[in-house]
Amino acid sequence: MTVMIILLSVSLSVGVFFLLAYRWSVKNGQFEDDQAPAYRIFFDDKKQQPK
Amino acid sequence: MIATSTSAISTACAHCGEPCKPSGDRRVQFCCTGCQAVYSLLNREGMSDYYCLNETPGVTIKPARAGKFDFLNEPETAAKLISFKDNTSTRVTFYLPQIHCSSCVWLLENLQKINTGIYSSRVNFMSKMVTVNFNHHVINLSEVASLLTSVGYEPHISLQNEKEEDKNNSVKTWWKLGLTGFCFANIMLISFPEYLGLDYASDPLLTNFFRFINLLLSIPVLLIGGREFYENAFNGFRQRQVNIDAPIALAISITFCRSVWEICTGASGGYLDSMSGIIFFMLIGRTLQQRTFSQLEFNRSYRSYFSVNITVLKNDKEKTKKINLLEKNDVLLLRHLEIVPVDCILSKGEGVIDNSFVTGESAPVNAGVGDIIYAGGKIAGGSIEAIAIQPFEQSSFTRLWENGAFAKEKEDPVSFVTIISRYFSLLLLLIATTVFIYWQVKDPANAWNAATAVLIVACPCTLLLSASFSYGFIMQLLAGKGIFFKNTAAIEKLAAVNKIVFDKTGTLTETEARVKYEGVPLSIWERNIFLSLLHQSIHPLCRAVVRATDFSPVALKDCREIQGKGMRVVVDGKLYKAGSAAFVQAPSGENDKSRIFLSVDGVIRGSYAVVSSLREGMGSMLSSISGYDPGLLSGDNRSSLSQMGQVFPSGALLLFNQSPQQKLDHIQHLQQQGNNVLMIGDGLNDAGALKQADIGISLVEDVFSFTPACDAVMNASLLQHLSVVLKAAKAARTLISALFIFSLLYNVAGIWYSATAQMAPMIAAILMPASSISVVLLSALGTRYIGWQMRLPKTDKNHLLT
């Protein structure tokens with residue numbers, strides 16, 4: 001059953017990796033607005049290039 | 001808009017979807033010229049996609065005064081909005097409350113198509129902000145604001161920006177929740193093997209490994225997730241109070257210490273799963289409860305009512321001056337719709353001053369050269385010049401704010417959550433001590449175990465959960481119906497109200513006057529002539545009639561206005577006169593002051609009567625709340641006494657001619673008699689009373705319009721359902737009390753188990769999530785039930801809930 005120790009360590013480090021990714025996304029402001037990006041996908045991209 | 005004439009068939013405005021009368025044979029219809037202007041602008045710029053993404057995505061356009069945003073060109077003011085500036089480009093962030101759909105996002109992110117000075121723009125939908133990058137050599141800040149206004153998104157500019165702090169707070173909250181959730185879930189998972197039969201004796205290595213991993217994971221929960229509970233408890237102690245966080249902080253730390261001890265001695269896995277679980281649930285509850293409506297401003301002072309800068313004339317040159325720097329003898333130039341900033345003497349021009357917001361007087365007054373006009377009045381008609389007789393800080397208007405009611409923040413009343421938690425904590429310590437002594441005598445080995453178990457199990461987390469979840473849900477529910485509370489304490493206060501006082505103008509009556517024609521019916525031709533004639537006048541009555549009536553304008557030549565009396569014009573040899581009773585030689589009757597009489601060639605035709613009309617359903621609303629002894633506090637004159645007497649229950653106290661100070665004093669008087677007073681008002685003249693009252697509700701047509709400081713903002717249309725709102729607040733209180741009792745039962749059961757020293761980690765592990773989840777579930781169901789009982793439609797006119 002000692003394999004459990006390795007498995008648990010691995011799975012926890014994967015978990016911690018995602019926790020850190022979550023922290024980055026929070027700091028990056030991805031939780032501030034969850035509506036506008038969804039709308040933006042549907043806009044036809046015929047924007048003029050800004051000068 | 002209130003008009004007596006009903007339109008034939010109404011269609012929807014192509015821009016905003018408001019119902020409007022079809023005119024001509026156009027394919028698209030508009031409710032107002034503002035909407036039409038936006039529509040044609042967008043079509044001209046090739047941006048008609050705006051209308052393809054959603055049906056009628058626009059917001060009804062309100063005309064904005066030209067030069068309204070000039071003050072943004074002052075570097076000092078601009079600096080508060082600008083987040084970045086270099087040689088050519090500037091980045092500015094505006095708050096646009098109108099944002100509500102994908103079309104809004106599309107339009108606002110394509111601003112560069114309309115003006116090439118704009119590089120790019122980005123919308124934050126949740127906070128309704130748009131960030132614009134622009135070349136400040138091509139377009140300046142005030143022009144950007146005007147551009148946004150011209151496409152229907154007028155920025156709301158309040159210069160007291162605290163958004164940055166908000167943002168940091170939300171980052172912290174999200175991170176705290178995420179971290180605690182992560183640790184809690186893992187601890188739960190890792191605790192499972194022990195519940196399912198993993199035995200320390202059979203596999204000490206694995207068991208110890210699981211236990212220490214749990215310990216490691218619980219440290220961030222304890223330090224980061226639980227931090228606010230220690231802080232709150234500590235702050236409470238410093239103020240010599242025991243708040244609900246104190247027993248929670250105690251329970252958390254004891255749980256942790258005992259778990260560490262049990263793990264280190266190898267006795268058991270401890271209660272780390274329960275501990276992280278309650279912290280996680282309580283954090284969710286707190287977040288829900290604290291999610292208030294940051295877009296609304298509840299604490300506005302009188303300053304935000306005035307524009308920041310005032311145009312001052314110096315040596316015949318116009319200069320802008322900060323409002324608080326105004327001095328005596330400054331010559332002010334006041335334009336249409338501007339607010340008079342200080343008491344002053346009119347020196348040039350004819351003014352019509354609308355004092356309704358300040359004094360509650362419904363009829364605007366005329367002011368001529370030499371008249372004193374008071375701060376807070378709104379200029380209607382043409383622009384005027386006036387000489388300040390006082391500096392800004394000393395004006396009659398600002399003095400009200402020196403009253404004690406404004407000096408201190410209203411203390412939050414002692415919520416019954418606090419009271420219960422105080423007794424609860426004492427009782428808890430008492431039980432723990434008794435249990436300790438009992439076991440010390442009977443079986444000393446069990447004493448520590450039993451006493452700490454009591455403290456762990458009796459943690460009032462379910463009490464806290466039931467309060468925070470229920471208040472959070474109720475606040476959302478009521479917001480959906482159109483009443484927005486500043487905080488949850490306000491709901492509790494509303495439930496305790498036993499006396500209601502109303503303002504009249506703008507609260508019980510409509511802000512827009514209703515116009516009635518009495519007399520011989522006019523032919524369409526005559527009607528158009530009369531109304532076109534009245535259209536030429538700036539007299540408040542004429543304006544009220546013209547605003548509320550539909551007509552096709554007729555070009556009139558040589559209209560003549562006899563100041564203060566009436567208007568005359570000759571059309572096709574006939575003399576048309578409109579004005580006071582004396583002017584058209586009509587017999588005098590009742591309410592002449594609010595009538596315009598009409599005559600053709602000296603023959604009286606009839607009169608337009610302007611009456612301030614009651615809002616719909618006021619009579620039934622007032623009788624439904626007769627148990628609250630409703631009263632009236634009006635700044636207006638007694639002319640509407642009979643009208644008010646009819647709608648109020650007999651014996652109600654109706655006070656007229658009240659100054660803002662008198663209103664405040666009256667509320668104070670009522671409170672001294674032991675009443676919990678609810679004041680409902682809308683204007684600045686109610687500001688003192690709203691602040692003094694136990695709970696002040698501001699009534700608004702549009703939640704973003706200016707409201708005096710208050711505890712809640714209510715949509716005007718909800719006023720007729722006031723009794724339903726009061727019932728809901730009471731039901732919320734009952735719900736929370738019921739949930740309290742329910743959660744106390746859990747505690748009693750838990751205390752029983754632990755006091756008799758039967759508390760196994762397994763039972764704790766079941767009891768904790770069961771109690772938390774059932775309380776949350778019950779509060780959600782209870783709130784649903786209250787909402788269903790209210791039977792009111794959900795409204796979200798201002799897109800606050802999107």
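None of the values given here were measured: they were computed from a predicted structure.
- Heavy-atom distances place both the backbone and the side chain of B/Leu179 under 4.5 Å from chain A.
- In this structure, OH in A/Tyr22 is found 8.0 Å from CH2 in B/Trp175, a value given to the nearest 0.5 Å.
- Looking at A/Ser25, there are no atoms closer than 4.5 Å to chain B (heavy atoms on both sides), in backbone or side chain.
- Counting heavy atoms of neighbouring residues, nucleotides and ligands inside a 6.0 Å radius, atom CZ of B/Phe212 exceeds 12 of them.
- Considering CD1 of A/Ile5 and CG of B/Leu205, their distance stands at 4.0 Å, rounded to 0.5 Å.
- Neither the backbone nor the side chain of B/Asn135 comes within contact range of chain A; no heavy atoms are under 4.5 Å apart.
- For B/Asn124, the parts sitting under 4.5 Å from any heavy atom of chain A are the backbone and the side chain alike.
- With values rounded to the nearest 0.5 angstrom, A/Arg40 atom CZ is found 10.5 Å from B/Phe125 atom CZ.
- For the atom pair CZ (B/Phe209) and CE (A/Met4), the distance works out to 9.0 Å, reported to the nearest 0.5 Å.
- To the nearest 0.5 angstrom, A/Leu8 atom CG is 4.5 Å from B/Ile190 atom CD1.
- Listed here is the closest heavy atom pair of A/Ala36 and B/Val123: CB-O, 3.9 Å.
- In terms of heavy-atom proximity, A/Val26 sits nearest to B/Val171 at CG1-O, 3.5 Å.
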